[in-house]
Amino acid sequence: MELKFIPLDYGYFDYQGRNFIQIIGRNEKNQRICVIDSFEPFFWVILKENLNEKKISELRKKIESIKLEDSERRTKVEKTEVHEKNFLGKKVKAIKIFITNYKDGHAIADKLDFPEIECRREYDINLITKYILDKKITPLDYFKVSGEILSNSEEFSGIDSILDVDICIKAEKIQKIEHEKEIEPKILAFDIEADEFEIGQGEIVMISLVSKNFQKVLTWKKVARTKDMDFVEFYKDEASMIEAFVENVKKISPDILVGYFSDGFDLPYLRARAEFHKVDFSLGIDNKKPVFARGKYPSARITGIVHIDLFRFIETIYSQYLKSETLGLDEVASELLSENKIDFDHKHSSKISEEEWLDYFKYNLQDSVLTYKLAFKLWPDMLEFSKIIQEPLFEITRAGMSQLLENYIMHNLEKYNEIIEKRPIYDEIGKRKQREKVEGAFVLVPKAGLYENLAIFDFTSMHTSIIISFNISKSTLLENKEKESYESPEVELEGKKQVFHFSQKPGFLPEIVKELVDKRKKFKKEYKNDPNPITKARSNAVKLLTAAVHGYIGFFGARYYSLESSASILGFVRKFNKETIEKVNNAGYHVIYGDTDSVAFTLGEKTKEQVKDFLKKLNSELPGIMEMELEDFYKRGIWVTKRTGDFGAKKKYALIDEKGKLKIRGFETVRRDWCALARELQDEVLDMILKEGNAENALKLVKETIEKLKSRKISKEKLIIKTQLKKPLEEYKSISPHVTIAKRMLEQDMPVNIGMLIKFYIAEPKSNKKELVRARARLPDEPDDYDIDYYLDHQILPAIENIFEVFHISVDDLKGKKQMKLGEF
DNA sequence: GGAGGTGACGTACC
DNA sequence: ACCGGTACGTCACCTCC
């Protein structure tokens, strides 16, 4: 029997002490397929140099006799093989050790303390990753599998009758085939509403479910049905509502179950309530409950159904493409779908009036509708990440950038015959985290002012191109200088100034990164020629991976961590930026500013053509694949002074291009922790100044705004300050306004969660005494008067003062009041 | 008891 | 534990005189 399938979900089970892989996927007839594949687990020991054949064969005998007696299984070394491999770029002899059960890899490795062994590797890799590496059954590709169909079979303790699949096949051979079209997954979105925010503390009032041609809200509240409530199903109590949820999931049988923050809220809540009522919560196609992984980032895994928490994917990966200031469902849906959540004032279900229930149901349904639509919107990105990195969707949607890149690297090492380096253990991580920081990039102090006629050059993928051009990595770092080697600029590391040398023999990591850069170019072109969501996602995915390489090398949890490499890369970054600044100045331009990989300068008398020719010349002088590009020409730009000190502020500027489009960096306008009034005013002031080249109209606007503020004509909405709560309240050493407000919210039984934006405004002091800002902070619905002086001195003026200073206009001019002279007292 | 420095904190840039 | 260094600015907190 032979059939086609696309792998979606990977799991494994033990049978007679051995590991078997259980892949759940779909075929072209849209049937759900389970493929069971064997897996021969193995890891490596790398031998010390110069061992003779006899020694090696003696060692193999010793290794082959290893058995694990105290294990719950009978695990032993099944066989060994000797291979010529590479490890960290060096040729090594290694023994491949096959064992009965991968889960005992650690225990067996612990017994391998023979003096002939240099080190043991690849027993710390996730079993599924190891399987994909070994057999190349990569997620979301098409495969042809031949083997025995299991139907009411005794095989694997009757697994085929337990699993809810259309076909279960025991694989003999699996072959990748050319894919016809991308899979269109069956997605089911869900969302719950509960009475208490604390998980399990209240009752779940309703659950919404949305899939293709399917919209439902399940509830147990006794509400009089109105004609608009067709989508609502009523149940006798919370327990039977949860049962109905499980039944619906089983009936729809989706490939993907998607929620928004469902790892942290919806699924744990459902589990807690199911446990409370002793309701069966077996969502898996194997009739098992979801498996919850605890930790800082909890996750919920369901056998056979890929559970995706969209919030997780957006937070770690997709947020860089978004403008949204918060990553809540409402704002993200608004940006990506131009659709919003339904406005509904959340309250305890006991306080909801008869008429309000319909709105609450609609609200709940809409959340699932948005989640469903977002899942489709982001599907190309999840698909492409999964295919490029070759890891399953569940992992891809939860991994950080470093994890993704590391997986990409691991899945691309075979070509280099490399044995995979170990993950740092606890002690090592501790050591790495304690080390002092390496010096970072260079930022040029700008001279404050308004400038005309500018251009910006920047290096394309600077850190990554340095890694490739100078072959920088853990494995290419030389202990001693060699004749043919790349030399880093002098850098300070561990208190001493030093220079590092890297081999000119290409290392596997820089090579893999180079391939990534080539793919980036290829996919970018592909997208240009054929713009669609898939080509766009593909191009973006490699772009993100390419950009993450330097961060990965300096990340304490990385397998290929290398502090020397990181310090060297940053040394080159500083060198090239400084050199460029100098060259630009020497060529008769005037450099205004530079940060890390960029340089901004005025053209003076020079023409654009001259600038472009000059760029060509600069590029011809750059080594390796390093390259600079013209970011753009700008009509005007403004740099301001710091509020403390009278020199130019870094990372704070505004530019206007020739089409009149503004590019604002660092200013309060782009900071979400400033009130809308200050942000909008600053934005308009910058716009006027950059368009007009002078401050006259802007000054008028400021004076008008100040007058409005003073006469309380500004709505309170514009004065709300939003600050994120970053940690549990009790961990704050310094009690700032937003912490005070969060505490008050808690007292009023309002939901307070880590990560949420705390909103408040500043009211007039109650007494004459000078009160702390936090004493004057109020919740948005508290009815006090806003503090005019606070908003003037702490929001409006700080936001615009330094801009006007460029035009020699002082604060007193701004306030529009004649100054009190000393003589008047 | 007010001035000024410093640390904690949040946010942005690259 | 889940990319890191540079930088700005606010507010609370502490010390000093």
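Computation of the quantities below employed the complete heavy-atom set of this structure, encompassing side-chain atoms and omitting hydrogens, waters and symmetry-equivalent molecules. Order of the sequence lines fixes the chain letters, A, B, ..., with proteins taken first and strands second; residue numbering starts at 1 for each chain.
Of the charged side-chain nitrogens involved, at least one lies within less than 4.0 Å of a carboxylate oxygen, so that A:Glu631 and A:Lys663 count as a salt-bridged pair.
Among the protein residues, A:Gly666 comes within range of the sugar-phosphate backbone only, with heavy atoms under 4.0 Å from sugar or phosphate atoms but none that close to a base. Within 4.0 Å (heavy atoms only), A:Arg435 reaches sugar-phosphate atoms of the nucleic acid but no base atom. Among the atoms of the strands shown, only primed sugar atoms or phosphate atoms (P, OP1, OP2) are found under 4.0 Å from some heavy atom of A:Ala441. Using a 4.0 Å heavy-atom cutoff across all strands shown, A:Phe555 reaches sugar-phosphate atoms only and no base atom. Within 4.0 Å (heavy atoms only), A:Tyr561 reaches no atom of the nucleic acid at all. Heavy atoms of A:His463 sit nowhere under 4.0 angstrom from any nucleic acid atom. Across all strands shown, A:Lys650 has heavy atoms under 4.0 Å from sugar-phosphate atoms exclusively, and none from any base. Residue-level contact check: A:His738 touches the backbone only, with heavy atoms under 4.0 Å from sugar-phosphate atoms and none from bases.
Note: A:Tyr732 and A:His738 meet the aromatic proximity criterion, with ring centroids under 6.0 Å apart.
A distance of 8.0 Å separates CZ in A:Arg643 from NZ in A:Lys652, rounded to the nearest 0.5 Å.
Side-chain N/O atoms of A:Tyr732 include none lying less than 4.0 angstrom from OP1 or OP2 on B:dG7. Contact check, A:Lys727 against B:dC9: a side-chain N or O comes under 4.0 Å of OP1 or OP2. Here A:Tyr653 reaches the OP1 or OP2 of B:dC14: one of its side-chain N or O atoms lies under 4.0 Å away.
Atom name P, nucleotides C:dC2 and B:dG10: the rounded distance is 16 Å, in whole Å.
One N or O donor and one acceptor, one from the side chain of A:Arg671 and one from the base of B:dT11, sit under 3.5 Å apart.
Chain A approaches DNA chain C over the interval C:dA1 to C:dC13, counting the first and last nucleotide 5' to 3' with an atom under 4.0 Å from its heavy atoms.
Between A:His794 and A:Tyr790, the ring-plane angle classifies as parallel under the 30° and 60° cut-offs.
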